[in-house]
Structures are given as C-alpha cells and as structure tokens.
There are 2 protein chains.
Amino acid sequence: MAIRSEASDAAEILNLENFLPYRLYRLADAVSREFSRIYKDSHGLTRPEWRTLSGLGQHGTMTATELGEQSAMHKTKVSRAVAELERRRWLVRTPDENDRRVEHLSLTKAGLAAYREMVPLAKAFERDLLARLSAEERTAITSGLAALETSLVPSKS
Amino acid sequence: MAIRSEASDAAEILNLENFLPYRLYRLADAVSREFSRIYKDSHGLTRPEWRTLSGLGQHGTMTATELGEQSAMHKTKVSRAVAELERRRWLVRTPDENDRRVEHLSLTKAGLAAYREMVPLAKAFERDLLARLSAEERTAITSGLAALETSLVPSKS
DNA sequence: CCAAACTGGTTTCATTTGTAACCATCGAAA
DNA sequence: TTTCGATGGTTACAAATGAAACCAGTTTGG
C-alpha cells in the first residue's frame, strides 16, 4: 500500500517479541529472578555466590578456575563470590602443594548445610516449572536447548 | 557404596549443568553477548538502548511505559535509555495533549537510519544461529520456548 | 471542592558487574 | 640461571543495575 508510515515499512522491521536472543534473555531473566528467591531471600546470596556454593556442593573440591569453567562465570565473579563465602565461613581455601598460585576450595560444615538445605528447593523449583508443560513441550525445551548449547556454548562444542 | 565423600552423596546433589534455570541463563547470556556486538561495537549502545530503538522502530511511537512492557525493562532502564537516545538526537519526545505526565517517543531520521542499518544484521544473526540446527531442533527450541513463556512470562499468560 | 491514592517518569544511592591492570608464581627456552 | 611469556587469582575503577524515594500531574471518593 502507498500510505504507510516510515516506521512500519514491512521488510525492514524486526519483531522483538519473536526475536530469539530477546526471547531467550527475557525467559532466562524471568526464571532466574524467580529462582533467586531461593538463595537470595533465604540467605542473601548473590547468583555468583549461589553458583559457587552449588559447584562446590556438587564436586566437593575445586579451584577458582574450575569453578569459573563449570558455572560460566568470569574469574572476578568467582573471586568475589569465594571471598564472600569465605567471610561467612561457608568455605575454606587450602593451598596447593605443588603450585602456590592455586587454592583448593571446599565447603565447611556450615556451607554444606546451607547447600543441602537449598538443593531440594532448587529441585522442586525446576520440577514445578516443568510440571506446567506437557510431556512433548518438556522434551521440546530440553532438546532445543541442548541443540543450541552444543552449537554455541564453547565448552559444549 | 559405603565410601563416599559427604559432598557427593547422590540424592542431595544438584547437577548444575543440567539445571534448567542455569542452562537457560547461560545460553541467553552467551547469545546475548554475541549479539551485543551488533549494537555495541558499531554504535556503542547498551542493551536497554538497543531495545528502546528496536521498540520504537517497530511501533513508530510509544510511551516510556509501553516501551517497558514491550521490551521487558524496568522503568528506570527505559528512562535512562530514552535519555541517552535523546542526547544522541535519535529520538524526540512529544508531550501528550491530555495527560501531561505522558510523553510520546519517536525516532528521528538519524535514529531510524541507525535502526534500519541494524535490523538486517539482527535478522542475519538470528538466521545464522538457527541455521546451525536441524529443522526438528529449530521447531523444538521454538515451541519449547513458547511453552515456557506462556507458562510464566506475565504478559504472555 | 478537596484530600488521598495512583500513575508516568526521573533521580538518588548502594550494589553488582566488566575491563583492565596488577601481583605472584610457574614453565620453558636461552 | 635468568629472563620472558603464560596462568591463578585479586584489585581498582568505571559503567550498568535495582530499589526506593521522589516529583509532577490525574483520578477517585467523600
């Protein structure tokens, strides 16, 4: 048609609501915000702190570098999260015997207790999230995410 | 087995790499980081600024509140993004006739030009992203995301 | 008409983040 | 061995963010 405002000239328009990066981000943001209540409201943890706790709870002992790789955090985030958890006495550092730059991190009893307390809540959260979907939708999101992950998350490729 | 470290006692462990909120966030983060090159490296825009530009490019004229709803941004983000785009002379505000609290925002020629320049790049980015997947994987991610969205993004329900 | 509650939008302040520079240590090569 | 480049980790600084207070202006109910 001849009469059409500049700003809505078809082919040149990007539909933000359908744009994959935007959809992904908005969804992750919403889910993450909801989920953060589990570690933030109850213990005042930040996301990096939660991930650090979670990584150590899962693996027992890790270095800061390993933590960064496992939980996709920049080393400064790891450094700060570790410092805070240490301040809370939720983790301890033990220097490496051979390489004095490296520290092995592990949870204290208190840290482990907090971890153990949150894990069931986290699992319940995920379960409830998925429970709103049909079986097909669940496999769709799972395999769809996996496909995108292998296609672009460095460590997954 | 009897011999197992406290930290790896099966049922109590959360596997972060498979945890949906984490996977979503990491993926969104990776995609978003990649995509940001399009608006950041070329024009030094922030994400809120890009979204504002995108919203106005798509809809022609909007109020700050509408922008916030459409692009899932807190009103402070919108406010700051609008201020910056105005400073660049990429958008103008026109006061509402009836309600003097409201301003209608629209892109200037310069803003529209920038938008038009970036849209094809954005579309190409998305296309390339999806091109790495098989047809089934594409429908999987698309419908999986849609299912999750309707199940929890407020405006979508 | 007027006060109270509400809404659009901005600002302030504290916290979080990213980048880059940095310190110490390590490993390899000269 | 000494030097130089990588590596583990921390710190300093600037920019981005979120929460809450705020300032119009507007509506609602008495």
Side-chain angles (χ1 to χ4, degrees), chain A residues 25-26 28-30 32-37 39-41 43-52 55-56 61-88 91-106, chain B residues 25-26 28-30 32-37 39-41 43-52 55-56 61-88 91-106:
Chain A
Y25 196 93
R26 183 186 51 181
D29 196 58
S32 179
R33 232 190 241 331
E34 260 304 302
F35 179 62
S36 75
R37 293 151 53 83
Y39 52 80
K40 190 173 201 172
D41 291 4
H43 289 102
L45 294 180
T46 62
R47 182 166 42 226
E49 284 154 21
W50 150 252
R51 285 193 188 169
T52 298
L56 293 179
T61 291
M62 304 172 82
T63 68
T65 303
E66 289 168 346
L67 261 172
E69 285 162 4
Q70 199 231 350
S71 51
M73 297 191 292
H74 187 79
K75 57 187 191 165
T76 58
K77 275 191 189 171
V78 175
S79 175
R80 297 191 256 241
V82 166
E84 168 61 19
L85 293 186
E86 183 186 33
R87 203 193 55 70
R88 287 179 185 238
L91 71 72
V92 290
R93 320 183 189 225
T94 29
D96 184 275
E97 299 276 290
N98 311 314
D99 188 338
R100 289 190 307 188
R101 293 169 303 181
V102 179
E103 306 177 308
H104 299 279
L105 310 166
S106 52
Chain B
Y25 196 93
R26 183 186 51 180
D29 196 58
S32 180
R33 232 190 240 331
E34 260 304 301
F35 179 63
S36 76
R37 294 150 54 84
Y39 53 78
K40 190 173 203 174
D41 291 3
H43 291 102
L45 295 179
T46 62
R47 183 167 42 226
E49 285 155 19
W50 150 253
R51 283 192 189 171
T52 298
L56 294 179
T61 291
M62 305 173 81
T63 67
T65 303
E66 289 167 347
L67 261 171
E69 286 163 2
Q70 199 231 352
S71 50
M73 295 191 293
H74 187 77
K75 58 185 188 167
T76 60
K77 274 191 187 171
V78 176
S79 175
R80 297 192 255 242
V82 166
E84 169 60 18
L85 293 186
E86 183 186 34
R87 203 193 56 69
R88 286 180 186 236
L91 71 72
V92 290
R93 318 181 189 229
T94 29
D96 184 276
E97 299 276 290
N98 310 315
D99 187 339
R100 289 189 307 187
R101 292 168 304 180
V102 178
E103 306 178 309
H104 299 278
L105 309 166
S106 52

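Lettering of chains follows the sequences in order, A, B, ..., and the numbering in each one begins at 1.
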> Quick one: which of C:dA20, C:dT17, D:dA19 gets closest to the side chain of B:H74?
Replying inline: D:dA19
>> Please report the distance, rounded to the nearest Å, between CD in A:E84 and P in D:dT10.
In response: 14 Å
>> Tell me the closest heavy-atom pair linking B:R51 and B:L67, and the distance in Å.
In response: O-CD2, 4.4 Å
> Just how far, in rounded Å, is P of C:dA24 from CG of A:D99?
Replying inline: 15 Å
> Whole-Å distance between D:dG9 P and A:H104 NE2?
Replying inline: 9 Å
> Relative to the 5' end of DNA chain D, which residue comes earlier, A:D29 or A:S79, by the nucleotide with the nearest heavy atom?
Replying inline: A:S79
>> If I take atom CZ in residue A:R37 and atom P in nucleotide D:dG18, what distance separates them, rounded to the nearest angstrom?
In response: 17 Å
> Do any side-chain nitrogens or oxygens of A:T65 fall under 4.0 Å of OP1 or OP2 in D:dG9?
Replying inline: yes
> A:N98 has an atom CG; how far is it from atom P of C:dC26, in whole Å?
Replying inline: 9 Å
> What is the distance from CZ of B:R47 to P of C:dT17, rounded to the nearest Å?
Replying inline: 13 Å
>> Under 4.0 Å, heavy atoms only, any strand: does B:T46 hit a base, just the sugar-phosphate, or nothing?
In response: sugar-phosphate
>> The test is salt bridge (Lys or Arg N to Asp or Glu O under 4.0 Å); show your working for A:R80 and A:E84 and say whether it passes.
In response: CA-CA 6 Å; A:R80 297 191 256 241; A:E84 168 61 19; over 6 Å; no
>> Looking at A:R93, I'd like to know whether one of its side-chain N or O atoms comes within less than 4.0 Å of OP1 or OP2 on D:dT10.
In response: yes
>> Does the plane of the ring in B:F35 sit parallel, tilted or perpendicular to the ring in B:W50? Use 30° and 60° as the thresholds.
In response: perpendicular
> Which heavy atom in A:H104 sits nearest to a heavy atom in A:D96, and how many Å separate them?
Replying inline: NE2-OD2, 2.6 Å
>> Suppose we call a contact any N or O donor and acceptor under 3.5 Å apart; does that hold for the side chain of B:R101 and the base of C:dT7?
In response: yes
>> Taking side chain to side chain contact (heavy atoms under 4.5 Å, CB included) as the criterion, tell me which of A:T52, A:L56, A:T61 meets it with A:L105.
In response: A:L56
>> Looking at C:dG18, I'd like to know if its phosphate oxygens (OP1 or OP2) sit under 4.0 Å from a side-chain N or O belonging to B:R33.
In response: yes
>> What is the distance, to the nearest angstrom, from the CG atom on A:L67 to the C1' atom on D:dT10?
In response: 16 Å
> CZ of B:R100 versus C1' of D:dG25: gap in Å, rounded?
Replying inline: 7 Å
>> If you go through the side-chain atoms of B:R80, does one of them form a donor-acceptor pair with the base of D:dG18 closer than 3.5 Å?
In response: yes
> Are OP1 or OP2 of D:dA16 and a side-chain N or O of B:K77 less than 4.0 angstrom apart?
Replying inline: no
